[in-house]
Amino acid sequence: MAESAPIIIDRVSVETMLVPIVGTTPLIMHNFSEKSRKQMLDGMQGKKTVKQPKNPQAEYEASFYRIADENHLGDRYGFPVVGFKAATIGGARFYGKSISMTALKQFLFYKGVLTKADPQMLVEITGEPEMHEDAVRLPGPSRSPDLRYRPMFREWSTTLTVTYVKSSIDKSSVLSLIQAGGMGVGVGEWRPEKSGEFGTYCIDPEREVVIIGG
């Protein structure tokens, strides 16, 4: 009896690049604070939460995403890398139904840093924050608008570490999707995807896209 031919499967060919990003509109952050998480948990457990006086500075500080500095030189600012991946995938809407967003999720991988300061992977945001005040309408006819205080970066930049499957999508297409997602989807509060105009970005024309490996 003849032996069957062995199954030969080549490794998946991938490439990783550093993509420089610059904001085209201000970025507004809104991380869930420990206080907000506790209020949500209390609500799920049927516990009543005692309303505390509003502290704008404390609310502002709690809304940052932070990257812990192991050298004790001070925390750095970050933003969830998953937000940039979601914007890139969402950019496929500009190219019609022929581009599958479900498939893109399997072809693109975004890398961030994970530290003790936040339980999710972040990319570092470069820029100077300021306090931004928003009037937020709460659900219910008898509830008056509430004021929220969040960090806003008028000018900001970052670098995305993106790995893609070369047999399924090429470098030029990945960059086109990143550009489209930055323009029409955005990240953070009041972004275009949520009927806002903040959190948009583009690939920085002043810096080069760098290939760092496969």
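Quick note: numbers below take in every heavy atom, side chains included, and nothing from hydrogens, waters or symmetry partners. Because the structure is predicted, anything quoted here is derived from the model rather than measured.
The main-chain N or O of Glu197 is found under 3.5 Å from a side-chain atom of Thr25 such that the two form a donor-acceptor pair. With Arg76 contributing its side chain and Thr126 its backbone, the two residues share no donor-acceptor pair below 3.5 Å. Using modelled atom types, no side-chain atom of Glu193 and backbone atom of Gly186 make a donor-acceptor pair closer than 3.5 Å. With Glu189 contributing its side chain and Ile28 its backbone, the two residues share no donor-acceptor pair below 3.5 Å. Judged purely by atom type and a 3.5 angstrom limit, Lys85 uses its side chain to pair as donor or acceptor with the backbone of Leu108. With hydrogens and angles ignored, the 3.5 Å screen pairs no side-chain donor or acceptor of Thr16 with any backbone N or O of Ile212.
With a 4.5 Å cut-off between side-chain heavy atoms of Ile, Leu, Val, Met, Phe, Trp and Tyr, the cluster of Val82 takes in none.
In the hydrophobic clustering of ILVMFWY residues, with side-chain heavy atoms under 4.5 Å counting as a link, Met152 and Leu27 come out apart. Val185 and Tyr110 fall into different hydrophobic clusters, where Ile, Leu, Val, Met, Phe, Trp and Tyr are joined by side-chain heavy atoms under 4.5 Å apart, directly or via other members. Phe198 and Trp156 fall into different hydrophobic clusters, where Ile, Leu, Val, Met, Phe, Trp and Tyr are joined by side-chain heavy atoms under 4.5 Å apart, directly or via other members. Hydrophobic clustering keeps Val22 apart from Val162 (ILVMFWY residues linked when any side-chain heavy atoms are closer than 4.5 Å, directly or through intermediates). Under the 4.5 Å side-chain heavy-atom criterion for grouping Ile, Leu, Val, Met, Phe, Trp and Tyr, Leu160 is connected to Ile67 within one hydrophobic cluster.
The one candidate from Val209, Thr163, Ile169 that meets the side chain to side chain contact (heavy atoms under 4.5 Å, CB included) condition with Val174 is Ile169. For the side chain to side chain donor-acceptor pair (under 3.5 Å) with Arg154, the lone residue among Glu128, Glu130, His132 that qualifies is Glu130.
For the atom pair CD of Glu124 and OH of Tyr77, the computed distance is 11.0 Å after rounding to the nearest 0.5 Å. To the nearest 0.5 Å, atoms CG (Leu114) and CG (Leu122) are separated by 8.0 Å. The CE atom of Met29 sits 9.5 Å away from the OH atom of Tyr60 when rounded to the nearest 0.5 Å. Atom CG of Leu177 and atom CZ of Phe107 lie 12.0 Å apart (nearest 0.5 Å). Here Ser63 contributes atom OG and Arg148 contributes atom CZ; the two are 9.5 Å apart, rounded to the nearest 0.5 Å. Between the CG atom of Asn31 and the OH atom of Tyr65 there is a distance of 4.5 Å, given to the nearest 0.5 Å.
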Audit row: Met131, Glu59, side-chain contact (heavy atoms from CB on, under 4.5 Å) steps and yes/no = CA-CA 10 Å; Met131 185 184 291; Glu59 186 175 319; over 6 Å; no
Candidate pair Glu15 and Lys171, rule salt bridge (charged side-chain N to carboxylate O under 4.0 Å, His left out), full reasoning | CA-CA 9 Å; Glu15 190 166 70; Lys171 172 185 174 182; over 6 Å; no
Verdict with supporting geometry, Thr161 and Val81, side-chain contact (heavy atoms from CB on, under 4.5 Å) | CA-CA 9 Å; Thr161 302; Val81 69; over 6 Å; no
Might you work through the side chain to side chain donor-acceptor pair (under 3.5 Å) test for Ser173 and Tyr164, ending with a clear yes or no?
-> CA-CA 10 Å; Ser173 298; Tyr164 58 96; over 6 Å; no
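Side-chain atoms of Phe109 and Val165, non-hydrogen and from C-beta on, do get closer than 4.5 Å to each other. With a 4.5 Å cut-off on side-chain heavy atoms, Phe84 and Thr158 count as touching. The shortest distance between side-chain heavy atoms of Asp134 and Trp190 falls below 4.5 Å.
Closest heavy-atom contact between Ser157 and Arg207: CB-NH2, 3.9 Å. The shortest non-hydrogen separation linking Met183 to Thr200 is O-CG2, 3.8 Å. Across every non-hydrogen atom of Ala68 and Ala117, the tightest pair is N-CB, 3.6 Å. Smallest separation of non-hydrogen atoms from Phe94 and Gly184: CZ-CA, 3.7 Å. Gly181 and Tyr201 make their closest contact through C-OH, 4.1 Å (heavy atoms, listed as atom of the first residue, atom of the second, distance).
Judged purely by distance below 3.5 Å, without hydrogens or angles, the side chains of Ser167 and Ser13 never pair a donor atom with an acceptor atom.
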